[in-house]
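What follows is a single structure, written as C-alpha cells, with notes after it.
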Amino acid sequence: MESAFRLSTIIIFLFSLPNFTVRCAVPIDTVHYMEPGRIIVNDKPGLQIFCHRAKSKYLLHIWKTIMMNLDTNIDTYDLYDGKTPQEVFDKHEDNQRSWKFNFFGTKKHKLLKINPFETICIGVSTYDYNESRYSISITQTRVDVWKVLMSMIGIILFWSAKRLSHNPLFYYLCGICLGVTASLIILVYFASKLVPRGKVMYLMIATGWTMSFYLAQMLWENAQLIILQYREYVMWYILVTSLISFVICYRFGPVTNTRTKHIIQWFLQGLGLMLIYYSSYFYEASFLSCLVLVLLYNFPVVILHKGKKYWKNRFPERRKLLTEDQFRKEAIVETKKALQNLQEYCSSPECNPWKTVLRLKNPIRFAKFMEGDSHLSDDELKEHDAEITRIVEEYEYTDDDDDF
C-alpha cells in the first residue's frame with residue numbers, strides 16, 4: 001500500500017513538472033506594453049499579450065476610464081485577461097489542455113473597458129489557419145459621462161429613498177417591472193416542461209450548470225436580434241404582462257406596513273450606495289463618497305450648525321477691543337446710518353407727523369433736516385471744533401509733561 005502511494009506521488013510529480021516548466025517561460029516578444037494613443041498592428045498567429053501599466057490615483061481622475069479597442073474581421077480568436085503576462089500565459093496554456101473548450105477565456109468583446117489604476121494584461125490568441133492581422137489601441141477618457149451619471153443617479157436614489165418608499169406611483173412602477181421579469185421566469189419554466197424526458201434530459205443533467213450557463217449566455221447575446229426580428233410580439237408581450245401586473249398591484253394596493261416601507265427604503269439606499277461605489281475605478285474615493293453621504297444623511301448640516309452655536313455659547317470668543325481710530329470711524333458710520341433710518345421712518349406712513357411736531361422744540365430745524373440739511377447747526381459745529389481743539393491741546397501738553 002505504501003509503495004503504491006509513493007508510485008502515484010511520483011507519477012503526479014512527473015506530470016506536473018512539464019506544466020511547471022512551461023508556465024515559467026513567457027516569450028518576451030509576445031508581450032507589448034501600451035499607452036493611450038498608441039496603435040499596435042499584429043499579423044502573427046498565436047498568443048500576443050497587451051498590457052497597460054497602472055497609473056497614480058488622484059481625485060481629479062475619479063471618473064477616468066480607459067478603453068482597449070480590438071479591430072479585427074475574424075471571429076475565431078480567444079481573449080484572456082490577468083494581472084500579469086504570466087497569468088494570461090497560464091490561462092492560455094490551461095485552455096490548450098482543456099480539449100479546446102475555452103473555460104479560462106474572457107468574453108469576446110472588441111471594446112474592453114479596463115481599470116486605469118491597475119496593471120491589466122489582455123491576451124489575444126489567433127489560429128494559424130486564419131488571417132491573423134488585427135490592430136489594438138487604447139483610448140483614454142478623463143471624465144466618463146456615464147460614470148458621472150451613474151454617480152448622480154446613486155446620490156438621488158439614496159437621498160430620495162424614503163419618499164420613494166412612500167410613493168404609490170413608484171410602487172406601481174416597481175410592481176410592473178417585477179411582474180414582467182417574473183413572467184419571463186414563468187415562461188422559461190413552462191418551456192422546460194416541453195423538454196422530453198429521454199436522452200435530451202439525461203444530457204442536460206450530465207452537463208449540469210455548464211449547459212444552462214451556455215444557453216443563458218446565448219440567449220442574452222442574441223436578445224437584441226430577437227427584439228429586432230420579433231419586436232411586435234415583444235411589445236405585445238410586455239404590454240399584456242404590464243397590464244396584468246398593474247391589475248394585481250391595484251388589487252392589493254400600495255404598501256401600508258411601516259416595516260415593509262423601511263425595508264424598501266433600505267434596499268433603495270443600498271442600491272444607491274452600490275451605484276456610487278461602482279461609478280469609479282478609484283474605489284477608495286468612491287467609498288469615501290458613500291461614507292460622507294451616509295454621514296450627511298444621518299447628521300444633517302442643521303445639527304452641525306447647532307453644535308457650532310452651542311460651542312460658541314459654551315466657550316465664547318474674547319472680544320476684540322477697538323483702537324481710537326477704529327472707534328471714531330465706526331461712530332461716524334453708525335451715526336450716518338442712524339440718521340438715515342430716522343429720515344426713512346419719519347417719511348413712512350407709520351410715523352404721525354403732527355404728534356412728532358408737537359413734541360419738538362424747533363419744528364423748523366426738523367423740517368430742514370428732513371429736506372436734507374445737516375442735523376447740526378453752525379453754532380454746534382463751532383462748539384464741536386473748539387472742543388476737539390481743546391482736547392488735542394491738552395493731550396499734547398500732557399505728553400510734554402511726561403517727557404520731563
What distance do I39 atom CD1 and T139 atom OG1 have between them, rounded to the nearest 0.5 Å? 10.0 Å
Got Y297 and Q269 here, is their nearest side-chain heavy-atom distance under 4.5 Å? yes
L295, CG: over 12 other non-hydrogen atoms inside 6.0 angstrom: yes
Listed pairs under 3.5 Å, donor-acceptor, residues 252-264 side chains, sequence neighbours left out:
residue : atom : partner : partner atom : Å
N257    : OD1  : R259    : N            : 2.9
N257    : OD1  : T260    : N            : 3.2

For E35, what residues pass the salt bridge (Lys or Arg N to Asp or Glu O under 4.0 Å) criterion, not counting sequence neighbours? K55
Return the OG1 to CD1 distance between T30 and I49, rounded to the nearest 0.5 Å. 4.5 Å
Compare every heavy atom of S245 with every heavy atom of I176, then report the nearest pair and how far apart it is. CA-CB, 3.8 Å
Evaluate the side-chain proximity of Y80 to S125: yes if any heavy-atom separation is below 4.5 Å, no if none is. yes
Any carboxylate oxygen within less than 4.0 angstrom of a Lys/Arg side-chain nitrogen, looking at D144 and K113? yes
State, with a plain yes or no, whether a side-chain heavy atom of D71 is found less than 4.5 Å away from one of Y134. no
Of all heavy-atom pairs linking S137 and M34, the shortest is CA-CE, 3.7 Å
Drop me the distance from L47's CG to Y77's OH, to the nearest 0.5 angstrom. 14.5 Å
The side-chain contact (heavy atoms from CB on, under 4.5 Å) partner of V180 among T241, I244, L239 is T241
Restricting to ring pair (Phe, Tyr, Trp, His ring centres under 6.0 Å), what partner residues turn up for H52, sequence neighbours left out? none
Side chains of L70 and L112: closer than 4.5 Å at any heavy-atom pair? no
Counterpart residues, disulfide (SG to SG under 2.5 Å), relative to C249 (two or more places apart): none
Nearest 0.5 angstrom please: I114 CD1 to C51 SG, how far? 9.5 Å
Please give me the minimum heavy-atom distance between F117 and H61, naming the atom from each residue. CZ-O, 3.2 Å
Min side-chain heavy-atom separation I155-F158 under 4.5 Å: no
Validation row: T119, K83 side chains within 4.5 angstrom (heavy atoms): no
Which heavy atom of M68 sits nearest to which heavy atom of F50, and what is that distance? CE-O, 4.3 Å
So which pairs with a foot in residues 163-181 pass side-chain hydrogen bond (donor to acceptor under 3.5 Å, both in side chains), sequence neighbours left out? none
Count the heavy atoms of every other residue, nucleotide or ligand shown that sit under 6.0 Å from CH2 of W146, and state whether that count exceeds 12. no
Approximate separation, where rounding is to 0.5 Å, of N69 CG and I136 CD1: 8.0 Å
Any side-chain heavy atom of K147 within less than 4.5 Å of one from T141? no
Below 4.5 Å, heavy atoms only, C-beta onward: do V143 and K64 meet side chain to side chain? no
Between L268 and A161, the two heavy atoms sitting closest are CB-CB, 3.8 Å
E334 atom CD: more than 12 heavy-atom contacts under 6.0 Å: yes
Of all heavy-atom pairs between V88 and C121, which one has the smallest distance, and what is that distance? CG2-O, 3.6 Å
For the atom pair CD (Q340) and NZ (K336), what is the distance rounded to the nearest 0.5 Å? 10.5 Å
Name the atoms and distances for all side-chain donor-acceptor pairs under 3.5 Å in residues 274-290, with sequence neighbours left out.
residue : atom : partner : partner atom : Å
S279    : OG   : I276    : O            : 2.6
S280    : OG   : I62     : O            : 2.2
S280    : OG   : F282    : N            : 3.0
E284    : OE1  : K57     : NZ           : 3.0
E284    : OE2  : K57     : NZ           : 3.1
S286    : OG   : Y277    : O            : 3.1
S286    : OG   : F282    : O            : 3.4
S286    : OG   : Y283    : O            : 2.9
S289    : OG   : A285    : O            : 3.0

